[in-house]
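For reference, the structure is listed below as structure tokens.
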Amino acid sequence: GKDGKPLKNRLWGRFVDPVTGEPLAPATEVKPEDLTNDEASWETPVMPSGTKAVLQISPNNKDWTDVKAPKSDYSYAYY
């Protein structure tokens, strides 16, 4: 956290296929040192150039929420 104390919250991220909703790679837990109340960072899985994906996040690695612009079909495109 911003006060230097670790957050007790946990967060997982994954990319899913925008058409089928199937995971493109296993979910990744954000390291505690890379998680604050305002942001999270982790390495994206390797995918072929041109792959489009929807980013999903979860507080428990079970219940997933899409993270994308409302009118977009995907949230990330590999280049």
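All values derive from a computational prediction rather than experimental measurement. Note that these values count all heavy atoms, side chains included, but never hydrogens, waters or copies made by symmetry.
- A 6.0 Å sphere centred on CD of Glu33 holds more than 12 heavy atoms belonging to other residues, nucleotides or ligands.
- Looking at Trp12 and Thr28, their side chains never come closer than 4.5 Å, going by heavy atoms from C-beta outward.
- A donor-acceptor pair under 3.5 Å is formed between the side chain of Asp17 and the backbone N or O of Val19.
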Quiz prompt | Test log, rule side-chain hydrogen bond (donor to acceptor under 3.5 Å, both in side chains), inputs Asn60 and Ser58 | solution = CA-CA 5 Å; Asn60 58 14; Ser58 171; 2.9 Å; yes

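- The structure places CG of Leu11 at 11.0 Å from CG of Asp34, a figure rounded to the nearest 0.5 Å.
- Atom CZ of residue Arg14 and atom CD1 of residue Ile57 lie 12.0 Å apart, to the nearest 0.5 angstrom.
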Practice problem: Test side chain to side chain contact (heavy atoms under 4.5 Å, CB included) on Asp66 and Leu55 and set out the steps. | Solution: CA-CA 6 Å; Asp66 290 354; Leu55 171 62; over 6 Å; no

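- When all heavy atoms of Asp63 and Pro59 are compared, the pair lying nearest together is O-CD, 3.7 Å.
- Residues Asp73 and Pro18 come closest through the heavy atom pair O-CB, 3.3 Å.
- Nearest heavy atoms, Ser49 versus Tyr79: OG-C, 3.6 Å.
- Heavy atoms only, all atoms of each residue included: Ala40 and Leu35 are closest at CB-CD1, 3.8 Å.
- In this structure, Tyr74 has its ring center no closer than 6.0 Å to that of Tyr76.
- The minimum heavy-atom distance between Leu24 and Lys52, with the atom names listed, is CD1-O, 4.1 Å.
- The two residues Pro48 and Thr51 come nearest to each other via the heavy atoms O-OG1, 2.7 Å.
- Counting heavy atoms from C-beta outward, Phe15 and Pro23 have side chains that stay 4.5 Å or more apart.
- A chain of hydrophobic side-chain contacts below 4.5 Å, direct or via other Ile, Leu, Val, Met, Phe, Trp or Tyr residues, connects Val67 to Tyr78.
- For Ser72 (side chain) and Ser75 (main-chain N/O), no donor-acceptor pair under 3.5 Å exists by modelled atom type.
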